[in-house]
Amino acid sequence: MIFAALLPLSVLAQEEIKTVTLGIVVFPPLVIKDSETGRCYGEVVEMSSKVLKQLGYNMNIECIPPIRLYERVKQGEIDLTVNVKGTAALDDHATFIDKPVTNLTLMRVTNNARLNEKSIAGIRGYDYVGERIRLVEEGYEFVDMPSSVDSIKFFLFDRTANLITYERPFYYFLGDNEFNDRTSSITLKKNIPTFFAVSLQSKYKENLFKKLSAYSESFKEGTILEHATKPTPQL
């Protein structure tokens, strides 16, 4: 007690600040990683920082491949992530906030010049809400890459005949380019919700889950991203 009394107030205040680590995979435009600086940014990164600050937390951000992410969530080294439900490597080690962060659309892209081939690029560790198993049962052979950007590049560089991907990162990477006659897409599933997931080993798990749940229940919008990024009314 004597020692604490001698500490400057700024030091005590600094010790009271809770810092949580958000671990997330590269998923443009929601999560983008600068290739030169390694800095992570994007809609979900900025939104998460804003929401956590409102709830009394500082945020560290780590953009890492799914396999490493799931292992670090399991160990409690990452407090919070954003993911779909049904991922075997994650679901037993995290608890999900009920309201979605956002909704995704899953698609398969095909090289029409290679219709008889079954090679397909995907992200290592992604179950794709059951579509991976279904495609394997249909004879597709996965070539797994570390991230969405890697798998998209692999397909567009003609290394596989097919690609399974989410719509937003694919069209973000495609940019102003359009599909040509050699390429077509098939929508597999729409409106796939993705959620905040709190690690069961996080030292903040109870408080973090409680605050995020209360926050997500405090507004009528269907997703957290929609609410957090809506324009502030001008008085």
Side-chain angles (χ1 to χ4, degrees), residues 20-33 40 42-45 47-48 61-109 120-138 140-152 154-155 162-170 187-202 204-205 208-209 212-213 216 222-225:
V20 297
T21 298
L22 173 71
I24 202 162
V25 299
V26 176
F27 198 93
L30 303 179
V31 183
I32 304 168
K33 187 172 184 178
C40 294
E43 296 174 58
V44 165
V45 176
M47 177 275 291
S48 299
I61 177 74
E62 292 192 22
C63 290
I64 53 180
I67 295 298
R68 284 180 57 204
L69 171 66
Y70 301 150
E71 184 60 30
R72 297 196 64 198
V73 168
K74 182 178 178 181
Q75 299 300 324
E77 297 170 352
I78 284 175
D79 302 285
L80 184 68
T81 188
V82 178
N83 211 86
V84 299
K85 294 180 180 179
T87 302
L90 179 64
D91 284 5
D92 291 339
H93 305 289
T95 183
F96 291 81
I97 306 303
D98 285 339
K99 182 166 288 188
V101 168
T102 190
N103 291 308
L104 308 175
T105 296
L106 185 65
M107 60 194 293
R108 178 167 66 86
V109 188
I120 185 166
I123 304 172
R124 186 177 297 112
Y126 268 34
D127 296 334
Y128 294 105
V129 288
E131 286 298 305
R132 177 184 287 268
I133 293 175
R134 185 184 69 80
L135 289 168
V136 169
E137 289 175 346
E138 290 182 6
Y140 286 87
E141 297 182 3
F142 271 79
V143 180
D144 286 321
M145 306 301 292
S147 72
S148 60
V149 173
D150 293 316
S151 62
I152 292 167
F154 203 74
F155 169 75
N162 299 273
L163 166 71
I164 185 170
T165 186
Y166 288 98
E167 187 175 71
R168 274 188 262 195
F170 181 75
T187 297
L188 299 176
K189 291 183 179 180
K190 287 186 175 182
N191 298 321
I192 302 169
T194 182
F195 304 88
F196 277 127
V198 180
S199 168
L200 294 178
Q201 297 303 317
S202 169
Y204 302 123
K205 64 179 180 181
L208 189 55
F209 180 81
L212 280 170
S213 295
S216 69
T223 69
I224 296 174
L225 186 63

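Everything numeric here is computed off the predicted structure, so don't read it as measured data. Values reported hereafter were calculated over all heavy atoms of this structure, with side chains retained and with hydrogens, waters and symmetry mates removed. By convention here, the first residue in the shown sequence is residue 1.
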Task: Side chain proximity check, Ile152 to Pro169, heavy atoms < 4.5 angstrom - done: yes

Open item on the list: Closer than 4.0 angstrom, basic N to acidic O: yes or no for Arg134 and Glu131?
Closed with: yes

TODO: Would you give the length of the straight line joining atom CD1 of Ile64 to atom OG of Ser147, rounded to the nearest 0.5 angstrom?
DONE: 12.5 Å

Task: Asp91 side chain vs Gly86 backbone, donor-acceptor pair below 3.5 Å - done: yes

TODO: Identify the heavy atoms of Tyr128 and Ile123 that sit nearest to each other, and give their distance.
DONE: OH-N, 2.7 Å

Task: side chain to side chain contact (heavy atoms under 4.5 Å, CB included) between Arg168 and Leu30, worked out - done: CA-CA 8 Å; Arg168 274 188 262 195; Leu30 303 179; 3.7 Å; yes

Open item on the list: Rounded to the nearest 0.5 Å, what separates atom CG in Asp144 from atom CZ in Phe154?
Closed with: 10.5 Å

- [ ] Apply the test side chain to side chain contact (heavy atoms under 4.5 Å, CB included) to residues Val109 and Phe155: give CA-CA distance (whole Å), side-chain angles for both, the deciding distance (0.1 Å), then the verdict.
- [x] CA-CA 9 Å; Val109 188; Phe155 169 75; 3.6 Å; yes

Task: Minimum heavy-atom distance Val73-Ala94, with the two atoms named - done: CG1-CB, 4.3 Å

- [ ] Would you name the heavy atoms of Gly76 and Ser199 that are closest together and state the gap between them?
- [x] CA-OG, 3.6 Å

Task: Side chain to side chain, Leu163 and Met107, heavy atoms closer than 4.5 Å - done: no

Open item on the list: Does Glu141, at its CD atom, have more than 12 non-hydrogen atoms belonging to other residues, nucleotides or ligands within less than 6.0 Å?
Closed with: no

TODO: Search all heavy atoms of Ala89 against all heavy atoms of Tyr70 and return the closest pair with its distance.
DONE: CB-CD1, 3.6 Å

TODO: For the residue pair Val198 and Asp79, establish whether any side-chain heavy-atom pair is separated by less than 4.5 Å.
DONE: no

TODO: Identify whether the distance between the nearest side-chain nitrogen and carboxylate oxygen of Lys85 and Asp127 falls below 4.0 Å.
DONE: no

Task: Side-chain donor-acceptor pair present, Asn83, Thr87, cut-off under 3.5 Å - done: yes

Open item on the list: Are the side chains of Ile61 and Ile24 in contact, using a 4.5 Å heavy-atom criterion?
Closed with: yes

TODO: Would you indicate whether the side-chain heavy atoms of Glu43 and Leu225 approach each other to under 4.5 Å?
DONE: yes

Open item on the list: Distance to the ring centre below 6.0 angstrom and angle to the axis at most 45 degrees; does that hold for Arg132 and Tyr126?
Closed with: no

Task: Test item: Glu62 and Leu22 side chains (from C-beta on) under 4.5 Å apart, heavy atoms - done: no

- [ ] Kindly give the heavy-atom pair with the smallest separation between Arg124 and Ile67, and that separation in Å.
- [x] CG-CG1, 3.9 Å

Task: Ser216 backbone acceptor or donor facing Lys99 side chain under 3.5 Å - done: yes

TODO: Report yes if the side chains of Leu104 and Thr102 come closer than 4.5 Å at any heavy-atom pair, otherwise no.
DONE: yes

Open item on the list: For a quick check under 3.5 Å, do Thr81 and Arg72 share a side-chain donor-acceptor pair by atom type?
Closed with: no

Open item on the list: Between Lys205 and Leu200 (side chain of the first, backbone of the second, donor and acceptor by atom type, cut-off under 3.5 Å), is there such a pair?
Closed with: yes

Open item on the list: Which heavy atom of Val31 sits nearest to which heavy atom of Cys63, and what is that distance?
Closed with: CG1-SG, 3.7 Å

Open item on the list: Between Ile120 and Leu135, does the side chain to side chain contact (heavy atoms under 4.5 Å, CB included) criterion hold? Intermediate values first, please.
Closed with: CA-CA 9 Å; Ile120 185 166; Leu135 289 168; 3.9 Å; yes

Open item on the list: Just checking Phe196 against Phe96, ring centres under 6.0 Å apart?
Closed with: no

Open item on the list: Would you call the rings of Tyr166 and Phe27 parallel, tilted or perpendicular, taking 30° and 60° as the class edges?
Closed with: tilted

Open item on the list: I'd like to know whether Val129 forms a side chain to side chain contact (heavy atoms under 4.5 Å, CB included) with Lys189, so could you lay out the CA-CA distance, the side-chain angles of the two residues, the decisive distance to 0.1 Å, and finally the verdict.
Closed with: CA-CA 9 Å; Val129 288; Lys189 291 183 179 180; 3.9 Å; yes

- [ ] Please answer whether the main-chain N or O of Val26 pairs with a side-chain N or O of Ser148 as donor and acceptor at a distance below 3.5 Å.
- [x] yes

Open item on the list: How long is the straight-line distance from OG1 of Thr21 back to CG of Leu80, given to the nearest 0.5 Å?
Closed with: 9.5 Å

Open item on the list: Distance check, rounded to the nearest 0.5 Å: Ile192 atom CD1 versus Glu167 atom CD?
Closed with: 10.5 Å

Open item on the list: Within the 4.5 Å heavy-atom criterion, are Leu69 and Ile78 side-chain neighbours or not?
Closed with: yes

